[in-house]
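Data block below; observations after.
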Amino acid sequence: MLKEYRSIVEVAGPLMLVRNVEGVTYNELGEIELGNGEIRRCRVLEVDGNTALVQLFENAVGINLSTSKVRFLGRNLELPVSEEMLGRVFDGLGKPIDGGPAIIPEKRLDINGLPMNPTARDYPNEFIQTGVSAIDGLNTLVRGQKLPIFSASGLPHADLAAQIARQAKVIGTDSKFAVVFAAVGITFEEADFFVSDFKRTGAIERAVLFMNLANDPAVERIATPRMALTAAEYLAFEKDMHVLVIITDITNYAEALREVSAARKEVPGRRGYPGYLYTDLATLYERAGRMKDKKGSITLIPILTMPEDDKTHPIPDLTGYITEGQIILSRELHKKGLTPPIDVLPSLSRLKDKGIGKGKTREDHANTMNQLFAAYARGKDSKELAAILGEAALTDIDKLYAIFSDEFEQRYVSQGYNTDRSIEETLNLGWELLSILPPAELKRIRPEYIEKYYPKKD
């Protein structure tokens, strides 16, 4: 029989103070029973002697200090898991919202998970094909990697996220592939877009969706990514699946942390975010990876909108320290009509060299990738020079680079959100574009690859 407390002394926003408690622990789940019998959930944020500070999952409206009572459940927030989760849509706290039956759980897992022992980690080294040339060809995603997408307000990161979720696969393996998609603090329209897109394309059959809306409580926003990662850990390490986790939007998650931190009257850090923002983000991101002697893996793509398009803002800044690169969406390319507007030059995948080459993608991948980067950068410089001094100031070879730059953006980067290119198609397209330049300019490619792959002109 759970002990009940009628000693609520204060309610302030999403927080509530309960005195004279015994044996209550940090993060423990609780229930508040109102005078009319309504049940609301909460969790313990802080314990000081016999006083517990708890955080409400729902709002505090209607809580009467004299008639309400609290009981603590002796466990953390848990997610019931089973393979039946695939193809289902849940709210931010793991309740089905797709009209289907409740999940019959194989087990219940603590959503905070367990840290992966560093010595048990296996190095990411297998190519994941997203079907997006700007990622596959130039900033390759590797199984077990954490590769965030840095976007900005108004840019089409939702379309790119849905495209990657739809198209991603590990080629050359018969292992099962699953997608866990967590939407954090999004609008109803965005949620409807994601669910409809997954259902329309059939991608929902291999996906688990967690939807937390903007009008849901802040504490639910903090729980949603952990729900998704718990489901991913179960599918990857107990069911041997390759799991791709996409979380959008990490900025909304950080805002919820700031809101709760302010309610707790904690001393703020940079831009008002709590001082432990780095540690908190690391507890999410570091749950991705591969483990030795386990067939499954978790690959993580967190998506965040940079406030004021600022890469030095604490959220993208700290994310960059913890993860292995970033894909950057550009407002300038978006205005030009490129879809997706991926800016390949400042984008980076620190593990790209580990997932490409003979036996993984193709022998010429590394060489052509370096040559495309170099040619695009020089082409942009040529166009800037022409804008200042006029085209007459350009040499003939500079003009070719300027043409290459435009063609590269229009044909390689801008492929639309419904085109699924194989890595072969991406590499061949790269060679087709490089053929704009004379072979003597391809100084970053080995001569035997030029001989083998450079398109022969009739």
Side-chain angles (χ1 to χ4, degrees), residues 92 128 130-132 134-136 139 141 145-168 179-187 189-195 197-198 203 207-214 221-222 224-229 232 243-257 277 280-282 284-288 298-311 313-331 333-334 339-344 346-349 417:
I128 288 183
T130 64
V132 180
I135 297 175
D136 293 350
N139 294 290
L141 178 65
Q145 185 178 3
K146 307 177 285 289
L147 186 63
I149 293 174
F150 287 7
S151 182
S153 178
L155 295 187
H157 47 269
D159 299 278
L160 181 59
Q163 182 178 18
I164 293 171
R166 229 177 21 242
Q167 297 177 176
V179 175
V180 176
F181 190 94
V184 181
I186 62 170
T187 63
E189 286 80 9
E190 285 177 299
D192 188 55
F193 162 76
F194 284 124
V195 175
D197 188 82
F198 275 70
V208 185
L209 276 66
F210 291 88
M211 294 287 163
N212 165 260
L213 299 182
R221 206 134 34 258
I222 294 168
T224 304
R226 291 178 168 80
M227 289 279 174
L229 287 160
V243 184
L244 175 64
V245 180
I246 299 175
I247 304 174
T248 180
D249 182 336
I250 290 293
T251 301
N252 293 337
Y253 170 83
E255 294 293 342
L257 271 184
L277 179 62
D280 195 280
L281 289 173
L284 296 180
Y285 298 150
E286 291 298 339
R287 290 172 73 172
I298 299 175
T299 307
L300 177 63
I301 299 182
I303 298 173
L304 57 93
T305 49
M306 299 179 288
E308 299 165 13
D309 298 16
D310 180 9
K311 275 187 282 195
H313 186 278
I315 304 167
D317 187 32
L318 298 177
T319 293
Y321 282 119
I322 305 165
T323 54
E324 293 118 7
Q326 67 277 332
I327 304 294
I328 295 182
L329 301 190
S330 157
R331 198 176 290 284
L333 296 181
H334 181 55
T339 53
I342 295 174
D343 195 349
V344 297
S347 296
L348 168 71
S349 170
Y417 297 112

At their closest point, which heavy atom of [X] faces which heavy atom of [Y], and how far apart are they?
X: L300; Y: A288; answer: CB-CB, 3.7 Å
X: F194; Y: A158; answer: CE2-O, 3.5 Å
X: P316; Y: F150; answer: O-CZ, 3.5 Å
X: G92; Y: M227; answer: O-CG, 3.4 Å
X: A282; Y: I322; answer: N-CD1, 3.7 Å
X: I315; Y: A254; answer: CD1-CB, 3.6 Å

State the [atom1]-[atom2] distance between [X] and [Y], to the nearest 0.5 angstrom.
X: I250; Y: L281; atom1: CD1; atom2: CG; value: 6.5 Å
X: D280; Y: L318; atom1: CG; atom2: CG; value: 11.0 Å
X: H313; Y: T305; atom1: NE2; atom2: OG1; value: 9.5 Å
X: N252; Y: L213; atom1: CG; atom2: CG; value: 11.0 Å
X: M211; Y: L209; atom1: CE; atom2: CG; value: 4.0 Å
X: R221; Y: D249; atom1: CZ; atom2: CG; value: 11.0 Å

Residues which pass side chain to side chain donor-acceptor pair (under 3.5 Å) with Y285, listed by chain and number, not counting sequence neighbours
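Side chain to side chain donor-acceptor pair (under 3.5 Å) check on Y285 returns T319.
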For H157, check side chain to side chain donor-acceptor pair (under 3.5 Å) against everything at least two apart and list the hits.
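Result, side chain to side chain donor-acceptor pair (under 3.5 Å) vs H157: S151.
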Could you tell me if the side chain of Q326 sits less than 4.5 Å from the side chain of L147, heavy atoms only?
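Counting from C-beta outward, L147 and Q326 never come under 4.5 Å.
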Do I222 and L257 touch side chain to side chain, with heavy atoms closer than 4.5 Å?
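Of all side-chain heavy-atom pairs linking L257 with I222, at least one is under 4.5 Å.
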For residues 179-187, which side-chain N or O atoms pair as donor and acceptor with protein atoms under 3.5 Å away, sequence neighbours left out?
residue, atom, partner, partner atom, Å
T187, OG1, E190, N, 3.2
T187, OG1, E190, OE1, 3.3

Among residues at least two apart in sequence or on other chains, which ones pass salt bridge (Lys or Arg N to Asp or Glu O under 4.0 Å) with [X]?
X: D192; result: none
X: D343; result: none
X: D309; result: R331
X: R287; result: E233

Residues in side-chain contact (heavy atoms from CB on, under 4.5 Å) with [X], at least two apart?
X: T130; answer: V132, I135, D136, L141, I164
X: S347; answer: N139, I327, I328, I342
X: H334; answer: L155, P156, P341

Just to verify, what does Y253 make a ring-ring contact (aromatic ring centres under 6.0 Å, His included) with, not counting sequence neighbours?
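For Y253, no residue satisfies ring-ring contact (aromatic ring centres under 6.0 Å, His included) once neighbours in sequence are set aside.
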Salt bridge (Lys or Arg N to Asp or Glu O under 4.0 Å) contacts touching residues 321-330 (sequence neighbours left out):
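For residues 321-330, and leaving out neighbouring residues, the salt bridge (Lys or Arg N to Asp or Glu O under 4.0 Å) pairs sorted by first residue read K146-E324.
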Determine, stepwise, if the pair I303 / I246 fulfils side-chain contact (heavy atoms from CB on, under 4.5 Å).
CA-CA 7 Å; I303 298 173; I246 299 175; 3.9 Å; yes
Evaluate the criterion side-chain contact (heavy atoms from CB on, under 4.5 Å) for residue pair V245 and I301; output intermediate values, then yes/no.
CA-CA 6 Å; V245 180; I301 299 182; over 6 Å; no
Note: D317-K311 ion pair, threshold 4.0 Å (strictly below)
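A salt bridge is absent here (no side-chain N lies under 4.0 Å from a carboxylate O).
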